[in-house]
Colleague: 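My structure is below; once you've seen it, I'll send some questions.
In what follows, chains carry the letters A, B, and so on, assigned in the order in which the sequence lines appear, proteins first and then strands, with residues in each chain numbered from 1. Only heavy atoms go into these numbers, but all of them, side chains included; no hydrogens, no water, no symmetry mates. Note that the structure is a prediction, hence the values are computed from the model and not measured.
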Amino acid sequence: MMRCISPFLLAALLVSGCASNHSAVAPASREAHAISSLWWQFFWVLGIIYILVVATVLICRFKSRRDRANINLPQPADSIPGESKTHRVIAILTGVSVVILLGLLVDDLFASRVLAPKNDPGALNLTVTGHQWWWEIEYGDQDPSKVFQTANEIHIPVGRTISFTLRSPDVIHSLWVPSLHGKKDLVPGHPATLVLRAEKPGIYWGQCAEFCGAQHANMGLLIKAESASDFAVWEDAARKSAVAPMTDQQKHGQQIFLNSTCVMCHAVSGTIAGSHNGPELTHLASRQTIAAGTLPNTRENLALWIQEPQLVKPGARMPGTGLQPNDLADLLDYLQTLK
Amino acid sequence: MRLVEAPDQTRRSVDEKNLHHVWSRVEGVIGWLCTTNHKEISLRYIITAFGFFCAAGVLALLMRLQLSVPNNRLIGPDLYNQLFTVHGSTMMFLFAVPVMEGVGLYLVPLMIGTRNVAFPRLNALGYYVYLAGGLVLYGGLFCNIGPDTGWFSYVPLAGPDFSPGKRVDFWAQMITFTEISALIAGIEIIVTVFKQRAPGMSIDRIPIYVWAVLITAFMVIFAMPAVMLVSTMLAMDRMSHVATHFFNVAEGGDALLYQHLFWFFGHPEVYIIFIPATGFVSTIIGTFSRRPLVGHSALVLSLIATAFIGFGLWVHHMFATPVPILGRSFFTGASMLIAIPSGVQIFCWIATLWTGKPVWKSPLLFVLGFFAIFVLGGLTGVMLASVPLDLQVHDTFFVVAHFHYVLIGGAVFPLFGAFHYWFPKWTGRMLDEGIAKLTFWLMFIGFNLTFFPMHQLGLEGMPRRVYTYHANLGWNGLNMAASIGAGVMGIAVLCFLYNVLKSRRSGVIAGNNPWQAPTLEWATTSPPQPYNFLYQPTVNSMHPLWFDRPNQPFVVGLKTDRREVLTTTLLHAVPEHIHELPEDSCWPILLTVVISGTLLGVIFNPWPFVIGMIPMYIVLFAWFWRDIDLKHLGRAK
Amino acid sequence: MFSLYPKSLHRSRVRMGGRWCVVAVATTMLLCGCTREKRKFSGGEPNSNAAVSSVRLIDLQPGGAQPVSHVDNPFEHNAYATSEGKRLYSSYNCASCHAHGGGDIGPALMDDKWIYGASPENIYASIMEGRPNGMPSFRGHLTEDQAWKIVAYVRSMSAQVPQGVAPNRSDEMKSSPAENSKKKENPAPAAPPTSGEQPQ
């Protein structure tokens, strides 16, 4: 537990990073562990250096000057006694600094090796495309009929290498899930690769980490790492088209979806809605959050997001719909079937 | 012209009167606007920069107010984006560099024993162009045209497709204004230091502060063109009818080119801010330890090494982008390497304090604050040099904490120390020691309360440039603490302002050398006369007021009916020739108006660039034509 | 010659007067930035349906001509809204028929020929109601705000909006000059296409 608690913080400010699902010092993957260990090594080495420097300065401040009482200052430097000893001390300290820095550099290079992309034929290939202000993810496969898309929530199997290909069609974004890896920028024109292997199941929070416009603050995502079997179940369900609506309200809700502004931007596989301007919604109801992590996925929040998106995410591209209350209720009924 | 040990006292009052008449500015508003006295221009730089510091501080307080609680609806995303962009742009372009320039332009001629900078009218132009640039930016902010894409304004977000309107164009032109001003100041410093030093001030006797400012000036000349280039390329991409494709990937441009060019300037920029501050620290430690600095040569060489290495670090701002892995390793090495000259400086300073007999007045207190804060920032910088660590904390509040520790600790604290140290020289009165100590403690506590929690926030996943955050992420307490600390810092600045205003009126009279300091600026009156020194001083050591003999000779024979300075050789400062400086002139401010009109017009249409050349050439023609200046025009009447 | 005090001062006064003009113009342009640069994120309809429902397609009328009142589209003074209109034009695939203004199976939008009227309310009606020969009706699929933004953008294609408001070049392959670099066209009525013929 000591490893997770940062010294120097006053007790009132103490925030334990251990239980967090979004902390660089609460790692849950091979790569994040390497970074976290490196962090603690740097922290202790540099922390001790800092304490020594500040202590020396404080000693200068408070030590008595009796030893200097009989020296008349100011005097030219070469006639001050002990000057060459002072120079020697500085030279030695400089040498020690060089050695310490070299040590830290070597440490850093070893950690970098863990982060380097590996050619793993068993890797799961995901393509993440950053948009203003949501995440589009495509799960690749050798068989094109098994390729599928989702948005804002990624599921990955624990213990398997995941290779993210990162693209952006608009501005620079940055994919960052602190408990799983460092960040990587999505730069238009420069596809990037991020490789990680989760080691602990859990739900990990991440946010876009490169300023990308008005709603950069609300471009979050979740990565759920689960066992291989759970992941297989999820993957199968994700590949399926949306279930057909059963009740009259749900059917009416689907009509509203297809006949109003929704169909212009959102795709639901199995229906005629096929636009990729916004996140695809085929399995909306099984996601934890909506609006790229801005709100928990509940019926009330969905209603708020649909009616007044500019209250939730001012500047987002989603227009308000102005639906009547019973139309909205039917639409919500339909959307909640999209598991 | 000859050397004398004791100038004739009977001539003294006549010489004083004549010099006063020749070097003073013309009376009235016109004279005030057209002055070329380096001290007046520098004080305007310092006061204007401090005004921008306070303005940017208010923006920061607004930001901290918005971030004090989660999901706050006080400030919306659009205004918040403008706030952090203008805060960063102001601090970097309108405060940090100009204030260092201003203090440098004031002190350098005095420290090297000359009467004015090498190009007095150019100096005035530098200030006016800087002021115009600042007004352009703030005018934009108040008219809703404040730039909103961050102080480094990455493309494609700041490009023509994703930033509609004129906001980014205002930012790009502000850059042009401030970089012209910085280049002018750089040229002034280099030429003045190389050619106008007092006889006897050979290169090994140059005061350490002058070295710091000189090295900074060289860095400015190599670094600023990169940012002028990149802001111009961005402006051209966005300009109607021009619409270049420098950063348009679809037409063969590159979004990363912007980052390379910007950070090639951006990293040296922080050393441009930091190195003059090391000059402050060296000077204050030297004076108050009552001994010459330990390892003077090592200090100078460390500054030069820092300047050189500083140009080889820029990709560490881009570690998260898809740049090649091997390339990143070189920049890791260089970024760690630069810690070594900084370390050498720290060791030399501490050794000076250790082996001296320190007098603990307020300037030295701010230097202690510098040690505590800057060293922590420098060490988090070593962490950021490592790619794996940087990939976690880049673009988070950890980095915000880091750069505020190095910039406020490394530049603002020494700057406040410098203000307390040189205020007596600039105004003739001492600042109140009690209020100074209060200012220090409020600033120290407020700063640490604001920025230390941000390290933790960054590690916990809080990215930067977010106008709000969710309540369930555990960031609430630390953000509240940071906001309270910001308020304390604001109070500290108010204390300082109160101290300045009170002391100007009723502070203790300072005399020539209240700190018993060694350098030449303390040899003349406080504040100095317009002509700086009655007779051209010579020096025989690096600490003239400590170690020169009492009858160190002066140079007499320079005319007192026109503005003359003595130029000397570069290495050994042997007198070379007498140079006549121009009289006060209205051309700098007129040229500024022309430049401002041209650059503002270019925001809306490319044609003003061509049309503006005409008045520009006319004004420059008049500038360079001899005798079109205030004194000659006045006399011809 | 240059040392004659009054003449030089007069010249510099004149030049200073010129400078102040530049400053005044620049300041005015700055202040006008307020409307142009404002970014309104909340919804809200700039015009009620009632005004738009009385759109005439042509001025020709029997008897005495009633004045045609043009609807002012506030988005045409706002750079952000016009650029949003450009984004919507691209997202909603207007280019499939109109290309990037040059026209394809749909008429060109950046020229001076307007079959159903070039004023904002005419274009709004074209989008919302649809037109013969293939223009779909988007009523119900676009909010009114979205439609008015697209109207502003479409008018910017022939430079009918102020230059400072029209969008800059896009970050795509260059197919035509940016809207703020286009030459202003004078809209004139054109005949609808006869069947089988491409619109001119």
Side-chain angles (χ1 to χ4, degrees), chain B residues 76-78 136 139-140 142-146 148 155-156 159-167 170 237-245 247-251 253 255 586-587 590 592-594 596-598 600-601 603-605 608 612 615 618-619 622 625-628 632-637, chain C residues 1-9 11-12 15-16 18-27 29-42 78-87 90 159 162-175 177-183:
Chain B
D78 191 42
V136 161
F142 288 123
C143 292
N144 213 358
I145 327 179
D148 59 345
V155 294
D161 205 0
F162 295 97
S163 270
K166 299 299 173 195
R167 292 173 170 184
F170 270 80
D237 264 22
R238 296 174 56 87
M239 209 181 280
S240 62
H241 302 288
V242 175
T244 49
H245 297 275
F247 308 119
N248 182 2
V249 176
E251 286 283 351
C586 58
W587 302 120
L590 289 178
T592 304
V593 175
V594 171
S596 307
T598 307
L600 267 179
I603 290 176
F604 300 94
N605 196 288
I618 295 172
V619 174
W625 193 281
R626 211 179 147 72
D627 289 348
I628 314 183
H632 283 93
L633 291 176
R635 271 186 233 136
K637 187 189 177 192
Chain C
M1 180 176 76
F2 280 91
S3 59
L4 285 174
Y5 182 68
K7 223 172 174 181
S8 312
L9 190 60
R11 268 202 211 101
S12 65
R15 270 187 234 115
M16 280 196 83
R19 307 283 175 281
W20 284 118
C21 282
V22 171
V23 171
V25 166
T27 318
M29 288 162 109
L30 253 181
L31 290 170
C32 294
C34 294
T35 342
R36 185 186 64 234
E37 299 287 342
K38 204 169 158 60
R39 294 189 187 183
K40 196 154 88 78
F41 289 151
S42 54
N78 186 278
Y80 172 71
T82 313
S83 85
E84 285 293 291
K86 181 170 182 173
R87 201 166 309 292
S90 162
Q163 193 193 44
V165 170
N168 290 310
R169 70 149 175 84
S170 64
D171 276 348
E172 318 227 310
M173 284 179 66
K174 182 178 170 181
S175 53
E179 287 74 14
N180 62 6
S181 314
K182 290 224 170 83
K183 190 169 65 72

Colleague: Side chain from CB out, backbone as N, CA, C, O: work out which of these in B:T244 comes under 4.5 Å of a heavy atom of chain C, or both, or neither.
Modeller: backbone
Colleague: Go through the structure and list residues passing salt bridge (charged side-chain N to carboxylate O under 4.0 Å, His left out) with C:K86, not counting sequence neighbours.
Modeller: C:E179
Colleague: Can you name the closest pair of heavy atoms from C:R39 and B:P164 and give their distance?
Modeller: NH2-O, 3.3 Å
Colleague: For a quick test of reading the model, state the closest non-hydrogen atom pair linking B:H245 to C:K174 and the distance between them.
Modeller: NE2-CD, 3.9 Å
Colleague: Among residues at least two apart in sequence or on other chains, which ones pass side chain to side chain donor-acceptor pair (under 3.5 Å) with B:R167?
Modeller: B:D78, B:N144, B:D148
Colleague: For the residue pair B:N248 and C:S170, what are the closest heavy atoms and their distance?
Modeller: ND2-O, 3.7 Å
Colleague: When you measure from the side chain of C:E37 to the backbone N and O of B:K166, does any donor-acceptor pair fall under 3.5 Å?
Modeller: yes
Colleague: Does B:D161 reach the main-chain N or O of C:D171 with its side chain, forming a donor-acceptor pair under 3.5 Å?
Modeller: yes
Colleague: Tell me the closest heavy-atom pair linking B:F604 and C:Q163, and the distance in Å.
Modeller: O-OE1, 3.5 Å
Colleague: Could you check whether any side-chain heavy atom of C:R169 comes within less than 4.5 Å of a side-chain heavy atom of B:D237, counting everything from C-beta outward?
Modeller: yes
Colleague: Which heavy atom in C:N168 sits nearest to a heavy atom in B:S163, and how many Å separate them?
Modeller: ND2-O, 4.4 Å
Colleague: Most heavy-atom pairs under 4.5 angstrom with chain C, which of B:P160, B:G165, B:A250?
Modeller: B:P160
Colleague: Over all heavy atoms of both residues, which pair between C:S181 and B:H241 is shortest? Give the atoms and the distance, please.
Modeller: OG-N, 2.8 Å
Colleague: Please classify the contact between B:P608 and chain C as side chain, backbone, both or neither, with a heavy-atom cut-off of under 4.5 Å.
Modeller: neither
